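Below: one structure, written as structure tokens.
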Amino acid sequence: MSMTPLEELRHSASHIMATAILRLFPEAKLDIGPPTDTGFYYDIDLDHKLTAEDLVKIEAEMKKVADENQPFLRKEVSREEAVEIIKSRGQERYKLGRLADIPEGEKISFYQNGEFMDLCAGTHVRYSSKLKAFKLLSIAGAYHRGDEKNKQLQRIYGTAFPTKDELAAYLEQQEQAKARDHRKLGRDLKLFVIDEDVGQGLILWTPNGSIVRQELQNFISGELHKQGYSQVFTPHIGKLELYKTSGHFPYYKESQFTPVVENVSLAQILSEGCSCAEMVVRLEAVSAHLASQINARTGKETITPDRVKPDAQLLDGFMLKPMNCPHHIKIFASQPHSYRDLPVRLAEFGTVYRWEQSGELNGMTRVRGFTQDDAHLFCTEEQVAAELIGCLALVKIVLTTLGMSDYRVRVGLRDPDSNKYTGDSANWDKAEAACRAAAQTLGVPFTEEPGEAAFYGPKIDFVIKDVIGREWQLGTVQVDYNLPVRFDLSYIGADNQPHRPVMIHRAPFGSMERFCGVLIEHFAGDFPAWLAPEQVRLVPISEKQLDYGRDLLTQLKAAGVRAILDEHNDKLGAKIRRAELEKIPYTLVLGGKEAEARSVSVRSRARGDEGVQPFVQYLEKLRSEIATRALPEVKRA
RNA sequence: GCCCAGAUAGCUCAGUUGGCAGAGCACGUCCUUGGUAAGGACGAGGUCGCCGGUUCAAAUCCGGUUCUGGGCUCCA
């Protein structure tokens with residue numbers, strides 16, 4: 001295994017950190033300490049809870065180790081010798097397990113620097129003095145081997161660079177990333193709020209944010225119309241039965257909100273003194289009961305009922321919908337379909353609710369209630385390929401229009417070693433081939449990732465990075481052979497026989513919340529004119545021009561432009577500054593000369609002062625910029 | 001859910017050993033009537049996240065809780 005010079009440096013930094021930690025805390029038990037994309041970490045087991053002050057001490061000790069200019073020495077040993085070394089150093093708690101991970105026949109090596117010696121494949125820098133620019137960043141809990149059943153260890157994160165300048169540049173870049181974090185911009189630009197009393201992970205779209213979202217929805221709705229979609233509306237809840245049929249309940253109940261139980265049933269179980277736990281059991285009993293019915297109907301063991309209770313103990317209720325598909329399926333199934341009707345494309349901005357773990361919530365990008373720009377396509381097998389290409393084209397239009405070019409495409413396939421997938425493998429082969437072929441039409445590189453498929457079919461995901469480098473799945477297109485079976489969907493073919501349709505799930509934005517969060521960071525709050533909550537700020541030089549300003553405001557509003565007249569009693573510079581900070585695309589300065597000539601002095605946020613021009617001429621250009629959803633053309637230096 | 005760290009005015013933050021709650025920006029009124037990123041004066045604004053405890057006295061110490069941040073786990 002070879003490392004890049006930077007990885008080598010960071011990996012060595014983690015060894016040096018371990019050296020320092022053992023000097024300060026000789027009882028520490030080490031697990032692993034690899035380099036990462038942005039630095040390094042080491043997982044250690046230590047009863048003492050590390051604090052920020054400890055980090056300072058460890059960092060100081062690391063500096064000493066670096067200054068001691070210790071050589072890194074490689075030593076290859078037999079497995080038996082390795083066990084001896086580990087034991088002699090009192091590090092058997094985790095290191096023996098790590099040793100056991102090394103396959104028979106592979107070389108076993110240790111690296112030694114000074115008094116420290118660690119099981120390690122390498123490679124390393126030659127001397128510890130190479131470590132000139134490093135910084136310890138944070139302490140975090142991390143489960144041994146990433147399994148939450150295992151003990152949680154203390155992980156120390158740090159970073160290292162070849163030079164101090166590069167380290168400083170990295171830290172500076174991290175600071176700048178914070179400035180475009182959607183959580184900060186969302187507050188500063190008044191785009192959304194999350195209120196503790198409403199609930200964590202639940203987004204309140206304020207007027208400004210709602211404009212951005214509404215514009216995006218209008219945009220996608222226009223595209224849907226062109227591509228032959230029908231828009232539908234469905235409620236936010238559905239009976240448990242529905243989700244049992246779809247397979248969402250109870251198999252994903254840990255990531256759903258607790259079911260809503262009807263008043264009468266609730267009163268009854270309360271009068272019986274039924275505990276919460278019993279209630280869950282009885283709700284599940286409904287599921288098991290229904291599962292047995294479905295198994296009988298489809299003749300397949302699509303669901304294995306783990307418990308079937310007598311009808312008397314059944315309890316019914318409703319669930320906040322975790323997905324829109326069951327509702328759309330019921331619309332499709334509400335009437336017979338001929339092959340001539342297909343594809344049927346049902347679209348909805350459908351709000352769904354999922355019980356994400358509290359520690360996973362994050363601004364707009366990981367929430368508990370969100371609106372998917374969802375659609376379900378019901379088509380024949382022959383139509384799958386063409387429909388997939390249509391879906392991908394839609395995602396491409398969205399990304400191109402918004403100037404988002406920094407994304408990767410992931411084709412999620414079955415994990416060959418897993419049996420969690422439903423449906424027969426011939427269908428899977430076809431669906432995977434269709435996804436692969438469709439992805440190839442995108443003209444961008446994509447990766448095929450086994451194990452990333454949904455349980456009902458393969459998918460094509462668009463993954464984009466946020467400013468801190470975290471990746472988020474946005475647009476997704478998924479092929480589904482499973483739900484049509486569960487809901488026993490059919491259409492009448494040319495042969496006058498019923499056939500099973502194939503479903504495609506797709507959401508070009510993914511969710512409005514996550515997409516807007518990433519979009520805020522993508523534009524750093526500088527939205528193109530068509531998305532900007534306020535498109536034009538009218539700035540009179542003095543109150544003598546207020547009447548002219550009101551006149552233009554009326555005309556702008558009549559033209560459908562979102563404009564505000566700044567009536568504050570401030571000097572021009574202050575008003576301009578305010579408009580800049582609020583990231584308004586256009587500021588129109590109105591002085592005596594402009595009022596006289598019915599002109600405006602245009603200041604573009606992207607390009608600066610653009611000089612005076614007749615108001616009607618400016619309005620025409622602006623309307624065109626908005627109508628074409630143009631991206632701001634940044635002035636070239 | 002787990003580990004660590006936080007929560008003071010709308011925002012960003014200060015607040016010493018426990019002893020009357022602070023600043024800048026934003027906001028309001030007035031003065032100023034201006035030419036492309038901050039003119040001036042005055043004013044209003046806080047149950048120091050919430051609940052409990054210790055104390056003559058708690059923003060400050062202790063316990064609990066809610067929420068936030070960084071990770072881990074998870075993401076149909």
Side-chain angles (χ1 to χ4, degrees), chain A residues 36 41 43 49-52 54-55 137-157 174 178 181 183-184 187-188 190 193-201 243 246-249 251-256 322-323 325 352 354-363 365-368 370 420-422 452-457 459 468 470 472-473 476 478 480 482-483 505 511 514 539-546 568-582 587-594 601-605 608-612:
Chain A
T36 67
Y41 65 82
D43 284 348
K49 304 273 183 212
L50 291 167
T51 63
D54 292 326
L55 281 196
L137 300 171
S138 60
I139 307 164
Y143 300 107
H144 172 56
R145 294 186 184 276
D147 187 335
E148 63 184 325
K149 289 191 279 291
N150 288 342
K151 181 166 185 185
Q152 192 162 49
L153 310 177
Q154 302 190 71
R155 174 174 297 180
I156 303 179
Y157 279 97
Q174 290 299 104
K178 275 189 204 160
D181 188 312
R183 290 166 299 191
K184 175 176 165 51
R187 189 172 51 239
D188 291 351
K190 300 182 172 65
V193 294
I194 298 170
D195 187 282
E196 196 175 315
D197 291 337
V198 173
Q200 47 177 176
Y243 299 103
S246 70
H248 296 118
F249 189 85
Y251 298 98
Y252 292 100
K253 73 171 188 294
E254 71 287 348
S255 49
Q256 290 163 0
M323 289 187 121
C325 13
V352 298
R354 297 181 189 178
W355 187 259
E356 303 288 354
Q357 297 190 79
S358 61
E360 265 310 320
L361 299 171
N362 180 278
T365 46
R366 191 78 187 267
V367 293
R368 283 182 173 164
F370 56 96
K420 72 167 184 172
Y421 306 99
T422 57
E452 284 293 317
F455 73 88
Y456 49 73
K459 58 181 188 167
I468 326 172
R470 283 178 299 210
W472 298 101
Q473 180 192 309
T476 181
Q478 310 178 352
D480 180 3
N482 181 47
L483 286 177
H505 308 237
S511 91
R514 178 177 291 179
V539 175
I541 285 178
S542 79
E543 56 189 31
K544 290 183 197 126
Q545 290 85 35
L546 272 178
H568 283 88
N569 190 8
D570 286 312
K571 297 189 85 164
L572 179 64
K575 292 181 191 176
I576 300 254
R577 175 180 153 83
R578 192 157 50 230
E580 283 283 337
L581 291 175
E582 290 173 33
T587 301
L588 303 184
V589 176
L590 313 175
K593 286 175 284 187
E594 286 82 4
S601 175
V602 180
R603 183 187 165 97
S604 149
R605 179 163 160 82
D609 192 345
E610 299 196 297
V612 177

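Only heavy atoms go into these numbers, but all of them, side chains included; no hydrogens, no water, no symmetry mates. What you are looking at is a predicted structure, and each value in this text was computed from that prediction instead of being measured. So you know, we letter chains A, B, ... as the sequences are listed, proteins then strands, and number each from 1.
Nucleic acid contact class of A:Tyr41 (heavy atoms, under 4.0 Å, all strands): none. Using a 4.0 Å heavy-atom cutoff across all strands shown, A:Asn362 reaches sugar-phosphate atoms only and no base atom. Using a 4.0 Å heavy-atom cutoff across all strands shown, A:Gly146 reaches sugar-phosphate atoms only and no base atom. Base engagement by A:Glu594 is indicated by at least one non-hydrogen atom pair under 4.0 Å involving a base atom. Residue contacts shown for A:Glu582 are absent, as no nucleic acid heavy atom lies under 4.0 Å away. In this structure, A:Gly573 reaches the sugar-phosphate backbone alone: every heavy-atom distance under 4.0 Å involves primed, P, OP1 or OP2 atoms, never a base. Contact annotation for A:Arg366: base contact, defined as any heavy-atom pair under 4.0 Å involving a base atom. Counting any heavy atom pair closer than 4.0 Å across all strands shown, A:Gln200 reaches sugar-phosphate atoms only and no base atom.
On the P atoms, B:rC42 is 22 Å away from B:rA38, given to the nearest whole Å. Spacing of P atoms, B:rC62 relative to B:rA5, comes out at 12 Å, to the nearest Å. If you take atom C1' in B:rU66 and the same atom in B:rU29, they sit 39 Å apart, rounded to whole Å. Taking atom P in both B:rC61 and B:rA23, the straight-line distance is 23 Å, to the nearest Å. Going from the C1' atom of B:rG22 to that of B:rG69 covers 25 Å, rounded to whole Å. B:rU8 sits 10 Å from B:rG49 when the C1' atoms are compared, rounded to a whole Å. Comparing the P positions of B:rG10 and B:rC27 gives an interatomic distance of 15 Å, to the nearest angstrom.
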Working for salt bridge (Lys or Arg N to Asp or Glu O under 4.0 Å), residues A:Lys575 and A:Asp570: CA-CA 6 Å; A:Lys575 292 181 191 176; A:Asp570 286 312; over 6 Å; no

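The closest side-chain heavy-atom distance from A:Leu483 to A:His505 is below 4.5 Å. Put simply, the side chain of A:Gln154 does not reach to within 4.5 Å of the side chain of A:Asp43, judged on heavy atoms. A:Val352 places none of its side-chain heavy atoms less than 4.5 Å from the side chain of A:Pro322. Counting heavy atoms from C-beta on, the side chains of A:Lys151 and A:Tyr143 never come closer than 4.5 Å.
The phosphate of B:rG35 has neither OP1 nor OP2 within less than 4.0 Å of any side-chain N or O from A:Arg603. The side chain of A:Arg183 places an N or O atom within less than 4.0 Å of a non-bridging phosphate oxygen (OP1 or OP2) of B:rG70. Residue A:His505 places no side-chain N or O under 4.0 Å from the OP1 or OP2 atom of B:rA76. In this model, the phosphate group of B:rG71 is not approached by any side-chain N or O of A:Ser138 to a distance below 4.0 Å at OP1 or OP2.
Each of A:Ser255 and A:Arg368 was matched to the nucleotide of RNA chain B holding its nearest heavy atom; the match closer to the 5' end belongs to A:Arg368. Along RNA chain B, the nucleotide nearest A:Arg145 and the nucleotide nearest A:Arg354 are compared for position; the residue whose nucleotide lies closer to the 5' end is A:Arg145.
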Interface polar pairs with nucleotides 43-52 of chain B, N/O, under 3.5 angstrom:
none

Expected rows: protein N/O vs nucleotides 3-10 of chain B N/O, under 3.5 Å:
unit_1: B:rC3; atom_1: O4'; unit_2: A:Gln152; atom_2: OE1; d: 2.4
unit_1: B:rC3; atom_1: O2; unit_2: A:Gly141; atom_2: N; d: 3.1

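When all heavy atoms are compared, the tightest approach of A:Val367 to A:Glu356 is O-CG, 3.3 Å.
Between A:Tyr243 and A:His248, the angle of the ring planes lies from 30° to 60°, which puts this pair in the tilted group.
A salt bridge is absent between A:Asp54 and A:Lys49: the closest approach of a Lys/Arg side-chain nitrogen to an acidic carboxylate oxygen does not fall below 4.0 angstrom.
If you check distances only, the side chain of A:Tyr143 never reaches the base of B:rG71 with a donor-acceptor pair under 3.5 Å.
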